[in-house]
*Asks:* 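This is the structure I have questions about; it appears just below.
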There are 2 protein chains.
Amino acid sequence: MPKKIIPEADTSTEEKIKTAARKVFIQKGFAATRTRDIAEEAGINLALLNYYFRSKEKLFNEIMMEKMQQFFGILLPVVNDPSTKLETKIELMVSNYIDMLSMNPDLPLFVLSEMKGQSGKIKNILPVQKITDKISFMKQLKEKRPDINPIHFLMNILGMTVFPFVAKPAFELIAATNKNQLEAILQERKKLIPIWVKAMLRAK
Amino acid sequence: MPKKIIPEADTSTEEKIKTAARKVFIQKGFAATRTRDIAEEAGINLALLNYYFRSKEKLFNEIMMEKMQQFFGILLPVVNDPSTKLETKIELMVSNYIDMLSMNPDLPLFVLSEMKGQSGKIKNILPVQKITDKISFMKQLKEKRPDINPIHFLMNILGMTVFPFVAKPAFELIAATNKNQLEAILQERKKLIPIWVKAMLRAK
DNA sequence: GTCTATAACCTGATAGAC
DNA sequence: GTCTATCAGGTTATAGAC
């Protein structure tokens, strides 16, 4: 058996550093993260981080772009699909997001925090698919409610779906529920939000 | 005319530092803020910051508690008032928040980011009014929809109202609108969200 | 109370041995 | 490729003069 040329993606040093960087950056944000934290988490030496990624910022940018694609990318295939009807799109958006955010609860706060004040820079790096009136989802909304800017409904769906994850520490603090109850409530919303959005679309 | 004993609250050195600290902390967060930034913004010397507040962390805690009260405090008088009906509460919550957030757009992301992982610590410092079933607003929701946990509607209202501010950089990036159009859309939501919430409350 | 100067520490990055 | 040791620069906090 020949020697393996391509190492396991998960066990190569470079990948170990990236895995550690994902965890630490997402948990603490760019500014509060020390390269030493990442090195320790990866079980490697600090110098290796710079050997592979040259700087903290370059490593961060790789993770950031990856996480932005994870956060926004889940939306695009759904809203762009002209073969599904509006109701189906809404159900898919909500359940896809809730499933993904349940496994990555820190993702939205990380992405939204780090995007702040950086959107100019990001625009040049990440190929951004603009949500225009040509997008299937927006067309369907406009057709159903020509009197309301479709961006409102996008805000509503994302607000109802994503905000509870962003504000989870706040809800844990002020709501008289424990963490497990809160998790159950978030799962419940996969069924409820589409019902509510449909009611909104009918509201006059 | 006697010499002024109590100096203008806004012009005392201590208040100048706090004003600067509010601005810088909210804009950049705790970790990315340097005490030098605050001193420069306040137009005073770096040493004075420690003379008045002993440390960066103590100064931050004062601002943080203040901002948490601003963020959550706007809610409590409304949801606790047994003399208003449900519809009125919803309208007040939405328009109070949108007005306040329009003037403090960075507030929610600041509070929610800095609360993360700190909620245990905060619980001991800030007197937290729990949102239980005894709160007027929750009682009214439970009465109207006994089949749904009232926290869902709180999440919906806050999600639709606050999330667009949290995600403003994202919307500016992906939505095909400029900043002024986005501001107008957010104002429009003061009228629309209560209509939608009422439709949700009827939805079966 | 306010300043300058500096201490004490921390952090990102690199040099150089293996 | 990986390590140890260390540098260079920056950051919080304080000492001490005014």
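Values below: all heavy atoms of this structure, side chains included; hydrogens, waters and symmetry mates excluded. Throughout, protein chains are lettered first and strands after them, A, B, ... in sequence-line order, and every chain is numbered starting at 1.
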*Asks:* With the threshold set at under 4.0 Å for non-hydrogen atoms, list the residues of residues 54-68 of chain A touching DNA chain C in residue-number order.
*Replies:*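 When residues 54-68 of chain A is checked for heavy atoms under 4.0 Å from DNA chain C, the hits, listed by number, are A/R54, A/S55, A/K56.
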
*Asks:* Is a side-chain donor-acceptor pair under 3.5 Å present for B/Q140 with B/K85?
*Replies:*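 Per modelled atom types, B/K85 and B/Q140 side chains form no pair under 3.5 Å.
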
*Asks:* Just one of A/K191, A/K190, A/K198 clears the side-chain hydrogen bond (donor to acceptor under 3.5 Å, both in side chains) bar with A/E91, so which one?
*Replies:*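 Testing each of A/K191, A/K190, A/K198 against A/E91, the sole residue satisfying side-chain hydrogen bond (donor to acceptor under 3.5 Å, both in side chains) is A/K198.
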
*Asks:* Tell me whether the guanidinium CZ or amine NZ of A/K18 lies under 6.0 angstrom from the six-membered ring centre of A/F53 and within 45° of its axis.
*Replies:*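 Not flagged: A/K18 not positioned over aromatic ring of A/F53.
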
*Asks:* Quick one: which of B/Q27, B/E66, B/E62 gives a side-chain hydrogen bond (donor to acceptor under 3.5 Å, both in side chains) with B/R22?
*Replies:*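 Passing option: B/E66.
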
*Asks:* Give a yes/no verdict on a cation-pi contact between B/K179 and B/F171, requiring under 6.0 Å between NZ or CZ and the six-membered ring centre and an angle within 45° of the axis.
*Replies:*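 Verdict for B/F171: no cation-pi partner in B/K179.
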
*Asks:* Less than 6.0 Å separating the ring centroids of B/F60 and B/F25?
*Replies:*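 Ring-ring flag for B/F60/B/F25: true, centres closer than 6.0 Å.
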
*Asks:* Quick one: which of A/V78, A/I131, A/I90, A/N80 gives a side-chain contact (heavy atoms from CB on, under 4.5 Å) with A/F137?
*Replies:*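 Of the listed residues A/V78, A/I131, A/I90, A/N80, the side-chain contact (heavy atoms from CB on, under 4.5 Å) partner of A/F137 is A/I90.
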
*Asks:* Using only side-chain N and O atoms of A/Y51, determine if any of them is under 4.0 Å from OP1 or OP2 of C/dT14.
*Replies:*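 No, A/Y51 has no side-chain N/O under 4.0 Å of OP1/OP2 on C/dT14.
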
*Asks:* Going by heavy atoms closer than 4.0 Å, what residues in residues 28-50 of chain A are next to DNA chain D?
*Replies:*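 Contacts with DNA chain D under 4.0 Å: A/N45, A/A47, A/L48.
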
*Asks:* Between A/K89 and A/T84, is there a donor-acceptor pair closer than 3.5 Å when you use the side chain of the first and the backbone of the second?
*Replies:*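 Yes: the side chain of A/K89 pairs with the backbone of A/T84.
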
*Asks:* How many whole angstroms separate atom CD of A/E15 from atom C1' of D/dG1?
*Replies:*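 Spelled out: CD on A/E15 to C1' on D/dG1 is 17 Å.
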
